[in-house]
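Below, all heavy atoms of this structure are taken into account, side chains as well, without hydrogens, waters or symmetry copies. Every chain is numbered from 1 and lettered A, B, ... according to where its sequence line falls, protein lines coming before strand lines.
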Amino acid sequence: MTENASEGTKHLPMSDENIYIEQRQKKAEEIRKKGGSPYPQNIRPTHTAGEILAECGNLKGPELEKLQKTFAVAGRLLFLRSFGKAAFLKVADYTGKIQIYIEKQIVGEEQFELFKSLDVGDFVWVSGTLFRTKTDELTIKATQIKLAAKSIRPLPEKWHGLQDIETRYRQRYVDLIVTPEVRETFVKRSKALQIIREFFCARNYLEVETPMMHPIPGGAAAKPFVTHHNKLDMQLYLRIAPELYLKRLVVGGLERVFEVGRNFRNEGISTQHNPEFTMLEFYQAYATYEDLMKLTEELLGELAMRITGETAVEYQGEKIQFKAPFARYTMHEAVKKFAKTDAETDPAKLSPVKLVEIFEEKVESQLIQPTFITQFPTEVSPLARKNDAHPEFADRFELFICGREIANGFNELNDPKDQAERFKAQVEALHKGNEEAMHFDEDYVRALEVGLPPTAGEGIGIDRLVMLLTNSASIRDVILFPQLKTKEGS
RNA sequence: GAGGCGCUAGCUCAGCUGGUAGAGCAUUUCCCUUUUAAGGAAAGGGUCCCGGGUUCGAGCCCCGGGCGCCUCACCA
């Protein structure tokens with residue numbers, strides 16, 4: 001704490017005080033006056049709500065009575081219905097909720113008084129035996145109850161919960177308490193990451209971590225965040241992609257690597273974009289982009305199956321089929337098929353840049369089911385290997401689902417001379433004012449000179465993938481703390 | 001960056017043509033020993049996002065600003 005801590009604790013800002021907070025603070029003070037603590041230690045549950053349900057969820061009333069076993073749970077008090085000398089409570093821990101029944105005659109005067117000072121939102125510890133209520137709900141009949149941690153602020157209303165989207169993002173801790181779907185979404189996100197790690201580890205990939213602070217931003221076309229290291233007195237960029245570092249590792253003999261981590265791009269914010277987002281990148285020596293397309297089909301199929309229980313996933317009213325094989329078109333074919341072309345926009349006659357332009361404008365939004373688009377112009381693929389037969393195109397693909405780019409992969413350019421030329425072209429574009437063009441990375445070219453085996457690599461946007469798997473309309477719904485502007489006074 | 005919409009009690013929301021600021025939940029007090037949005041009785045609770053303006057009078061109209069959401073543009 002700062003030296004001013006004692007000064008700061010004298011009183012809370014008046015604007016933040018309301019009757020609810022005052023009342024609860026008063027209760028906490030009462031406990032202190034009596035020699036107790038509103039924030040005690042050594043609160044030990046014997047069971048979680050989930051364990052109790054698993055162990056006794058099938059037992060009937062008489063069987064529960066015979067059990068003669070005491071269960072102690074701890075969790076947040078989320079519901080309270082009092083009848084004067086008895087009450088029902090619902091306590092939630094990380095596994096679920098369990099109902100508590102408390103009766104003055106059973107717990108005694110002192111414990112019942114303690115119970116009456118509890119508020120919804122408090123953490124509590126309860127022990128007792130199990131029984132079933134008239135409506136057959138598995139319930140703990142409390143014999144002992146303790147306050148485990150006092151909550152000073154009231155929670156949102158039980159029925160409607162927290163509706164204000166801004167507050168949900170700013171106070172995600174409250175959102176997580178009162179909006180069960182939010183919790184489910186982030187459990188699924190965690191599970192997806194776990195599956196991804198298992199998937200690559202099972203294929204002998206090594207998980208690695210490369211720098212997030214780059215002296216030269218590289219690996220993607222994007223505007224970086226700039227920062228500064230004081231002692232080194234050098235400008236650094238938050239990484240826009242880990243690509244160039246991961247390929248250095250393949251040069252170093254780590255033939256199969258993957259990294260899951262944050263990228264930072266200093267661009268607009270939308271339902272599809274957060275300034276920091278999570279990217280999976282993986283590289284495999286002696287693989288081709290075609291191998292990676294197959295691998296991607298496998299990965300996505302497995303994710304869909306293990307997260308949603310089926311390969312067809314409902315997303316915003318569309319049924320997305322994650323079963324292999326996914327549709328495949330070259331960019332030419334896709335423009336021909338999905339964009340209305342005339343003599344002027346005949347793909348065969350278009351400049352590469354124009355082709356990509358039409359593709360992005362007319363075709364992308366139509367690619368709802370998982371679709372691989374291959375053969376991107378070399379000009380827009382400065383790190384990808386040229387196709388041997390048609391050097392104006394790169395051996396590259398992107399995967400589109402619901403009109404959004406989900407993955408991008410290609411055969412890696414491992415010819416140092418070619419790479420140096422491509423960097424030069426990028427630097428020229430940079431000088432011409434293209435803020436997203438790449439810088440010349442001499443050390444990366446040196447690494448290629450040491451020798452990169454034939455390699456294919458791919459990046460998958462994890463946030464967008466999780467959006468699909470959790471039927472989330474906005475990227476903010478799959479990021480725990482999405483970037484928001486700070487509000488005055490907060 | 002542009003346009004549209006929103007911001008009223010702790011929460012969810014009403015608030016008409018400009019005329020004393022409303023409800024439900026929650027809170028406080030009282031009654032209530034099996035509830036499932038429990039029930040009954042009463043009470044308290046407001047910087048109507050902020051700042052100007054118009055008006056006898058503004059939550060409402062006008063101007064400026066803040067924050068958010070959506071669409072578009074840039075991007076993954």
Side-chain angles (χ1 to χ4, degrees), chain A residues 14-24 26-27 61 79-90 97 99-107 112 119-121 131-137 139 141 151-171 174-175 177-179 219-223 240-241 262-281 360-361 364-365 398-401 403-408 434-436 459-465 467 473-477 482 484-490:
Chain A
M14 282 308 287
S15 60
D16 243 0
E17 298 213 345
N18 61 38
I19 188 73
Y20 295 88
I21 293 175
E22 271 174 36
Q23 281 165 4
R24 288 169 175 230
K26 219 176 196 171
K27 287 181 183 176
F79 176 89
L80 198 158
R81 180 173 294 147
S82 170
F83 295 87
K85 294 189 182 65
F88 286 98
L89 288 59
K90 279 203 170 93
K97 289 181 199 169
Q99 180 164 265
I100 312 291
Y101 177 68
I102 183 162
E103 199 177 298
K104 192 174 182 178
Q105 210 178 340
I106 297 171
V107 298
F112 202 74
D119 291 293
V120 169
F131 77 111
R132 282 191 184 274
T133 63
K134 277 180 184 169
T135 50
D136 210 33
E137 182 164 348
T139 303
K141 191 173 285 182
S151 167
I152 296 303
R153 280 181 193 270
L155 291 174
E157 192 212 345
K158 61 186 171 190
W159 190 243
H160 297 91
L162 193 56
Q163 295 297 319
D164 183 77
I165 291 172
E166 185 176 352
T167 311
R168 289 185 44 207
Y169 295 150
R170 287 190 195 279
Q171 300 176 29
V174 176
D175 194 25
I177 295 166
V178 301
T179 319
K223 280 177 238 166
I240 53 175
R262 221 63 67 80
N263 288 354
F264 306 85
R265 299 191 185 173
N266 206 342
E267 284 155 4
I269 295 178
S270 77
T271 50
Q272 310 290 319
H273 303 84
N274 196 62
E276 49 180 308
F277 62 101
T278 300
M279 183 83 128
L280 161 69
E281 284 203 14
E360 287 176 351
E361 197 179 314
E364 267 188 30
S365 63
E398 285 192 357
L399 173 64
F400 292 87
I401 306 175
R404 300 167 191 169
E405 186 190 332
I406 297 295
N408 175 20
N434 181 354
E435 283 182 86
E436 293 174 1
I460 298 181
I462 295 303
D463 310 273
R464 289 181 178 179
L465 187 57
M467 283 169 72
S474 168
I475 197 167
R476 297 181 202 95
D477 294 328
L484 297 177
K485 222 167 168 172
T486 45
K487 254 184 164 174
E488 249 176 279
S490 75

Asker: Give a yes or no on whether a donor-acceptor pair under 3.5 Å exists between the nucleobase atoms of B:U36, that is its base, and the side chain of A:Glu137.
Answerer: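 A donor-acceptor contact between them is present.
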Asker: Quick one: A:Ile165 CD1 to B:C69 C1', roughly how many Å, whole number?
Answerer: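 About 6 Å, once rounded to whole Å.
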Asker: Under a 3.5 Å cut-off for both distances, is B:C48 Watson-Crick or wobble paired, and to whom?
Answerer: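 Pairing partner: none.
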Asker: Please classify the nucleic acid contact of A:Gly459 as base, sugar-phosphate, or nothing, using heavy-atom distances under 4.0 Å.
Answerer: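 No contact at all - A:Gly459 keeps every heavy atom at 4.0 Å or more from the nucleic acid.
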Asker: As a test of reading the structure: which of B:U35, B:U33, B:C32 is closest to the side chain of A:Glu103, going by heavy atoms?
Answerer: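 Of all the options, the side chain of A:Glu103 is nearest to B:U33.
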Asker: Taking atom C1' in both B:G52 and B:U28, what distance in whole Å separates the two?
Answerer: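 To the nearest whole Å, 40 Å.
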Asker: Rounded to whole angstroms, how far apart are CD on A:Gln163 and P on B:U8?
Answerer: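 Rounded to whole Å, this separation is 13 Å.
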Asker: What is the distance, rounded to the nearest whole Å, between atom CD of A:Gln171 and atom P of B:G10?
Answerer: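 Answer to the nearest Å: 13 Å.
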Asker: Given atom NZ of A:Lys90 and atom C1' of B:A37, what is their separation to the nearest angstrom?
Answerer: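 So the NZ-C1' distance, A:Lys90 to B:A37, works out to 11 Å.
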Asker: Taking NZ, NE, NH1 and NH2 as the nitrogens, is one of them in A:Glu137 or A:Lys90 under 4.0 Å from a carboxylate oxygen of the other?
Answerer: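 Yes, A:Glu137 and A:Lys90 are salt-bridged.
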Asker: Remember a base hit wins even if backbone is also touched, and classify A:Tyr169 as base, sugar-phosphate or nothing at under 4.0 Å, heavy atoms.
Answerer: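 Sugar-phosphate, no base atom in range.
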Asker: Using the P atom as the point on both nucleotides, what is the distance between B:G19 and B:G24, in whole Å?
Answerer: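 Per the computed distance, 23 Å lies between those P atoms.
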Asker: Could you give the CD-to-C1' distance, from A:Glu166 to B:C70, as a whole number of Å?
Answerer: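 Going from A:Glu166 (CD) to B:C70 (C1'), I get 14 Å.
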Asker: Tell me whether the ring of A:Phe83 lies stacked over the B:C32 base, given a 5.5 Å limit on centroids and a 30° limit on the plane angle.
Answerer: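 A:Phe83 vs B:C32: stacking no.
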Asker: My understanding is that a pair needs two contacts under 3.5 Å, Watson-Crick or G-U wobble. By that rule, which nucleotide pairs with B:C7?
Answerer: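 Result: B:G66.
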Asker: Is B:G22 paired to anything, Watson-Crick or G-U wobble with both distances less than 3.5 Å, and if yes, which nucleotide?
Answerer: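 Check on B:G22: paired to B:C13, both distances under 3.5 Å.
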Asker: Counting side-chain heavy atoms from CB outward, which of B:C11, B:C70, B:U33 is closest to A:Ser474?
Answerer: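 Of all the options, the side chain of A:Ser474 is nearest to B:C70.
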Asker: If the P atom of B:C16 is compared with that of B:C60, how far apart are they to the nearest Å?
Answerer: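 After rounding to an integer number of Å, I get 11 Å for this pair.
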Asker: For B:A41, give the paired nucleotide (Watson-Crick: N1-N3 plus N6-O4 or O6-N4; G-U: N1-O2 and O6-N3; both under 3.5 Å), or none.
Answerer: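 Pairing partner, where one exists within any strand: B:U29.
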Asker: For RNA chain B, whose closest nucleotide is more 5', that of A:Thr133 or that of A:Gly268?
Answerer: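 Whichever sits nearer the 5' end wins; that is A:Thr133.
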Asker: Counting the atoms with a prime plus P, OP1 and OP2 as sugar-phosphate, which does A:Glu405 contact under 4.0 Å by heavy atoms, base, sugar-phosphate, or nothing?
Answerer: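 A:Glu405: backbone/sugar contact only, no base atoms under 4.0 Å.
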Asker: Applying salt bridge (charged side-chain N to carboxylate O under 4.0 Å, His left out) to A:Lys223 and A:Glu267, what does each step give before you reach the verdict?
Answerer: CA-CA 7 Å; A:Lys223 280 177 238 166; A:Glu267 284 155 4; 5.8 Å; no
Asker: Donor-acceptor pair under 3.5 Å: do we get one between A:Thr135's side chain and the base of B:U34?
Answerer: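 No pair found.
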Asker: Determine the contact category for A:Ala221: base if any of its heavy atoms lies under 4.0 Å from a base atom, sugar-phosphate if only primed atoms, P, OP1 or OP2 are that close, otherwise nothing.
Answerer: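 Sugar-phosphate, backbone atoms only, no base.
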Asker: Assign A:Thr271 to base, sugar-phosphate, or nothing according to its heavy-atom contacts below 4.0 angstrom with the strands shown.
Answerer: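 Touches sugar-phosphate only.
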Asker: Heavy atoms under 4.0 Å, any strand shown: does A:Lys134 hit a base, just sugar-phosphate, or nothing?
Answerer: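 The answer is base, as A:Lys134 lies within the cut-off (heavy atoms under 4.0 Å) of a base atom.
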Asker: For nucleotides B:U33 and B:G22, find the distance between their C1' atoms and express it as a whole number of Å.
Answerer: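 About 37 Å, rounded to a whole number of Å.
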Asker: What I'd like to find out is whether the side chain of A:Ile102 reaches to under 4.5 Å of the side chain of A:Phe112, using heavy atoms alone.
Answerer: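 Heavy-atom side-chain distance check passes, below 4.5 Å.
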Asker: Between P on B:G68 and CZ on A:Arg476, what's the gap in Å once rounded to a whole number?
Answerer: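 One finds 9 Å between P of B:G68 and CZ of A:Arg476, rounded.
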Asker: Among side-chain atoms of A:Gln99 and A:Tyr101, is any donor-acceptor pair under 3.5 angstrom?
Answerer: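 Checked: A:Gln99/A:Tyr101 side chains show no N/O donor-acceptor pair below 3.5 Å.
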Asker: Using side-chain heavy atoms (C-beta onward) and a distance below 4.5 Å, is A:Ile177 in contact with A:Asp175?
Answerer: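 No, side chains not in contact.
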Asker: Any side-chain donor-acceptor pair under 3.5 Å between A:Glu157 and A:His160?
Answerer: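 A pair is found: one side chain offers a donor N or O, the other an acceptor, under 3.5 Å apart.
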Asker: Can you tell me how far apart CG (A:Asp119) and OH (A:Tyr20) are? Round to the nearest 0.5 Å.
Answerer: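 If I round to the nearest 0.5 Å, the distance is 11.0 Å.
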Asker: A:Asp164 has an atom CG; how far is it from atom C1' of B:G10, in whole Å?
Answerer: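 Answer to the nearest Å: 13 Å.
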Asker: Base, sugar-phosphate or nothing for A:Asn274? Non-hydrogen atoms, less than 4.0 Å.
Answerer: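 A:Asn274: base contact, heavy atoms under 4.0 Å.
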Asker: Would you call A:Lys26-A:Glu22 a salt bridge at under 4.0 Å N-O?
Answerer: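 Answer for the salt bridge query: no.
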Asker: Which one is paired to B:A58, where only Watson-Crick or G-U wobble pairs with both distances under 3.5 angstrom count?
Answerer: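 Paired with B:A58, as far as the under-3.5 Å criterion goes, is no nucleotide at all.
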Asker: For B:C48 and B:G59, measure between their P atoms and round to the nearest Å.
Answerer: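 Approximately 8 Å lies between the P atom of B:C48 and that of B:G59.
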Asker: Can you pull every protein N or O that's under 3.5 Å from an N or O on nucleotides 23-28 of chain B?
Answerer:
from, atom 1, to, atom 2, distance (Å)
B:G24, N2, A:Glu157, OE1, 3.3
B:A26, OP1, A:Lys158, NZ, 3.2
B:A26, N3, A:Tyr20, OH, 2.4
B:U27, O3', A:Gln23, OE1, 3.4
B:U27, O2', A:Gln23, OE1, 2.6
B:U27, O2', A:Gln23, NE2, 2.8

Asker: Does A:Asn263 use its side chain to pair, donor to acceptor, with the backbone of A:Met279 at less than 3.5 Å?
Answerer: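 It does not hold such a pair.
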Asker: Has A:Asp164 got a side-chain atom pairing as donor or acceptor with A:Thr167's backbone, closer than 3.5 angstrom?
Answerer: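 Pair found, side chain donor or acceptor close to backbone of A:Thr167.
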Asker: Mind checking if A:Ile406 touches a base, just sugar-phosphate, or nothing, with heavy atoms under 4.0 Å?
Answerer: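 Since no nucleic acid heavy atom lies under 4.0 Å of A:Ile406, the category is nothing.
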Asker: Take atom CD1 of A:Ile177 and atom P of B:G10, then tell me their distance rounded to the nearest Å.
Answerer: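 So the CD1-P distance, A:Ile177 to B:G10, works out to 19 Å.
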Asker: Looking only at atom C1', what distance separates B:G10 and B:U27, rounded to whole Å?
Answerer: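 About 9 Å, rounded to a whole number of Å.
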Asker: At under 4.0 Å between heavy atoms, what does A:Gln99 touch on the DNA or RNA strands: base, sugar-phosphate, or nothing?
Answerer: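 The residue A:Gln99 makes base contact.
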Asker: Using atom C1' of each nucleotide, how far apart are B:G4 and B:G40 to the nearest Å?
Answerer: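 The answer is 48 Å between these two C1' atoms.
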